[in-house]
Amino acid sequence: MLAVVSTSAHQVPVEVRAYLRVDGSALHVFVRLPVAAALADARLPVSVRGIVDLETIRPMLDAAAADVVKSLDVLDARDAGGAGGGGRPLPAPSVAWVVSAPRDATFATYQTAVVRLAATSLPADTPINVTEGFLDLRLDYALASPTPRLSARFNGLRANGQFIPTRATYITAGGDERPFDIAGAPRRVFFEPSSIDAARLFARLGVARLLGERELLLFLFCLAIPVWRTPAPLGAVGTLLAAVLTPAILVAIVPAPVPAASGIPLPLLSQLLASAALVVAALQSMTTPRPASVRMVCVVFGLAIGVGIGAAGREALSFGGSHGVACLTIYLGVMTSGLLVLVPIFRAFVAWFRRLPLPEQAVSVLLSLVPLHTAVHSVQNNGQLVNERASAAHGSGPLGVAIAHWPPVVAMIILVLLAMTALLLTASTAQAPDARVGDGR
C-alpha cells in the first residue's frame, strides 16, 4: 500500500523510485521522490495553494538530499564478513539534484533518468507546488572493490507517519536489471547475496507462501475427507502438484510481469477461478467421488493457484541475486515438500475425527463445511476486486457491465465444473458398469 500525502483537496500517493548501477569503480544511484515527501517535516512559507519559490526551499532540498543519502546507508560486504555481516559504509557520495515538473516521466528507465539529471533544474524563480513535482537525485559513490557486494536500506522515509514504499532497479556490471518492490518498514536489500543467504531467504519465502495459501491447504484437506478404498488421494495429490508447478514455473521465468487481462491482473482472475474450484472440491468431499472427477478438479484448481504462486516467486527472484535458478528451485521445492508432508497429517486428523459416534456421511459433511464456507467468502471477495478493477478499466462499457455482474459468471463456472464431473462419471460407469464407487474392484 502506498503512503499518501494529504492536501486540502486530495491525497497524493507517494513512492520512491530508484536506480542503482555499478559502473567500473563507481556506483551511480538515481532517486526520485515527491517534493511533498522530501519536505514532509519542513515548515514552509507557502501560499494558500501551497506554492513556494524554488530559491526559497533550496536549503531545505539540500537537507532532504542529505537525508536520502543517510537513509540509503549503502554498504559493501565484499571484505566485511559476508552479506550477513552488513558490510562497510561506502565513502560519502557526490550529490546533485534537480526539481522536475509533476508530469515529468523521465524516470521511466535508467537511461532517461541519467538524461534528466544531466539537464538543468527548473529556473530559480519557478513557483513550486509542494504537493506536486519531484526531487530527482544523483548520488555517485566510489567503490574500493571491482566486484562489490552491495546493499542498501530502503523505506527509511516517512509521509504522514507511514513508511514510503520503494520501486528500485539494480543494474549489474554486466547490464542485467533486477527490479525490487519494497513495501512496509525499512529493510536492507542485498543485491549480490551469497548462495547460503539466498537459499535461506527462499526457503523462508517458500514456507511463508505455503502457510499463506489458505485455499491450497483447504483443497488438500478436501482430498483427505472422503473415505477412499483405493490409492486415489495419492494420485489426486500428484495431479494437483503437477498442475500447480507447471504454471508456477512458467510464470516465474517469463521475462516480463504477468499481463493483465482487460485491465484485470491475471493472478486475480486465477484466484477467482481457484476459489470456484475449491467450492466444487468441498462439495465433492461431502460424498465419495470418483477419482477421475477429483483429478479433473485438481487440474483446474492447480493451474489457477499456480499462477499466483509463480507470480510471487518471480517478484522475489531479484532478491536472490545471481542465484535465480537455485532460488526458484528451493522456493517451489519447499512448497512441494510441505504439501507432501501435510497429506498424511490431514488424513490422520480425518481418521481421528471419524472415530466420533457420528454417521460417516455426517462426518464428511461437517468437515467439508469449513473449506466450503471459506471458498464461498473467497469467491465473493475476489469477485468484488475483479468488479472494482473492471469498473476502473472499462467504466460503463459492455465489458465493465458484464464483469460487474460477476456472480452469475462464477456460478456458471461452478456449474460447468460440476457438469464435466457428471459427464466423467457417466462415461466411467458406461465403461465399467459393475464397478462400485471407491472400492477398487
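Under the side chain to side chain donor-acceptor pair (under 3.5 Å) criterion, Ser270 pairs with no residue at all, not counting sequence neighbours. Arg187 is linked by a side chain to side chain donor-acceptor pair (under 3.5 Å) to nothing, counting only residues two or more places apart in sequence or in another chain. By the side chain to side chain donor-acceptor pair (under 3.5 Å) test, Thr112 is found to be paired with Thr109, residues two or more places apart in sequence or in another chain being considered. Tyr110 meets the ring-ring contact (aromatic ring centres under 6.0 Å, His included) test with Phe30; sequence neighbours excluded.
Checked by atom type and distance alone, the side chain of Ser71 never pairs as donor or acceptor with a backbone atom of Asp67 at under 3.5 Å. A distance-only check finds no donor-acceptor pair linking the side chain of Asp176 to the backbone of Thr172 [under 3.5 Å]. Between the side chain of Thr287 and the main chain of Gln284, a donor-acceptor pair closer than 3.5 Å is present. Between the Asp73 side chain and the Pro89 main chain, no donor and acceptor come within less than 3.5 Å of each other. Judged by distance alone, the side chain of Gln361 and the main-chain N or O of Met286 form a donor-acceptor pair under 3.5 Å. A donor-acceptor pair is defined here as one N or O able to donate and one able to accept, closer than 3.5 Å; no such pair exists between the side chain of Thr166 and the backbone of Ala168. Counting only distance, with no hydrogens or angles, the side chain of Arg149 and the backbone of Pro193 share no donor-acceptor pair below 3.5 Å. The main-chain N or O of Ile171 is never found under 3.5 Å from a side-chain atom of Tyr19 such that the two would form a donor-acceptor pair. Formation of a donor-acceptor pair under 3.5 Å by the Ser318 side chain with backbone atoms of Pro179 is found in this model.
Nearest approach of Val69 to Leu139, heavy atoms of both residues: CG2-CD2, 3.7 Å. Summarising the geometry of Glu360 relative to Arg354, their closest heavy-atom pair is O-NH1, 3.2 Å, with the distance given to 0.1 Å. When all heavy atoms of Ala199 and Ile330 are compared, the closest pair comes out as CB-CD1, 3.6 Å. Taking both residues in full, the closest heavy atoms of Arg314 and Val254 are given as NE-O, 3.1 Å, listed atom of the first, atom of the second, then distance. When every heavy atom of Glu15 is checked against every heavy atom of Pro34, the shortest pair comes out as O-CD, 3.5 Å. Contact detail for Phe202 and Ala316: the closest heavy-atom pair is CZ-O, 3.0 Å.
Remark: Ser285 OG to Phe219 CZ distance equals 10.0 Å, nearest 0.5 Å. For the atom pair OH of Tyr170 and CD of Glu177, the computed distance is 12.5 Å after rounding to the nearest 0.5 Å. The CZ atom of Phe221 lies 14.0 Å from the CG atom of Leu216; values are rounded to the nearest 0.5 Å. Here the OG atom belonging to Ser94 is positioned 9.5 Å from the OH atom belonging to Tyr141, to the nearest 0.5 angstrom. Interatomic distance, CG of Leu283 versus OG of Ser368, reported as 8.5 Å (0.5 Å rounding). For the atom pair CG (Leu241) and OG (Ser337), the distance works out to 9.5 Å, reported to the nearest 0.5 Å.
Residues Arg214 and Thr374 meet the side-chain proximity criterion, which asks for heavy atoms closer than 4.5 Å. Between Met335 and Ile309 the shortest side-chain heavy-atom distance falls below 4.5 Å. Looking at Leu150 and Leu75, their side chains never come closer than 4.5 Å, going by heavy atoms from C-beta outward. Inter-residue side-chain proximity for Leu72 and Arg153 is flagged as unmet; no heavy-atom pair is nearer than 4.5 Å. Under the 4.5 Å side-chain criterion, counting only non-hydrogen atoms from C-beta, Asp140 is not in contact with Leu27. Put simply, the side chain of Leu217 reaches to within 4.5 Å of the side chain of Leu210, judged on heavy atoms. Here the side chains of Asp136 and Val99 are not in contact, with every heavy-atom distance at 4.5 Å or above. The shortest distance between side-chain heavy atoms of Arg17 and Thr169 falls below 4.5 Å.
A donor atom on one side chain and an acceptor atom on the other are not found under 3.5 Å apart for Thr239 and Arg295.
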In a table with atom names and distances, give each donor-acceptor pair under 3.5 Å that connects a side chain of residues 300-308 to protein atoms at least two apart or in another chain.
none

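Among residue pairs with one or both ends in residues 310-332, those qualifying as ring-ring contact (aromatic ring centres under 6.0 Å, His included) are Phe180-Phe319; sequence neighbours excluded.
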Verify side chain to side chain donor-acceptor pair (under 3.5 Å) between Ser194 and Asp197, making sure each step is shown before the conclusion. CA-CA 5 Å; Ser194 67; Asp197 289 331; 3.0 Å; yes

Test side chain to side chain contact (heavy atoms under 4.5 Å, CB included) applied to Leu366 and Leu358, step by step: CA-CA 10 Å; Leu366 287 174; Leu358 294 172; 4.0 Å; yes

Take Val343 and Leu220 through the test side chain to side chain contact (heavy atoms under 4.5 Å, CB included) and record every step on the way to the result. CA-CA 7 Å; Val343 171; Leu220 201 66; 4.1 Å; yes

Could you walk me through whether Leu278 and Glu215 pass side chain to side chain contact (heavy atoms under 4.5 Å, CB included), step by step? CA-CA 7 Å; Leu278 180 57; Glu215 294 187 358; 4.0 Å; yes

For Val237 and Leu340, what are the C-alpha separation, side-chain angles and deciding distance, and is it a side chain to side chain contact (heavy atoms under 4.5 Å, CB included)? CA-CA 8 Å; Val237 171; Leu340 293 176; 4.1 Å; yes

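Within a 6.0 Å sphere centred on CD1 of Ile196, other residues, nucleotides and ligands contribute 12 heavy atoms or fewer.
Arg178 has a carboxylate O that lies under 4.0 Å from a charged side-chain N of Glu192, or vice versa, which qualifies the two as a salt bridge.
Judged by the 6.0 Å distance and 45° axis criteria, Arg32 is positioned over the aromatic ring of Phe134.
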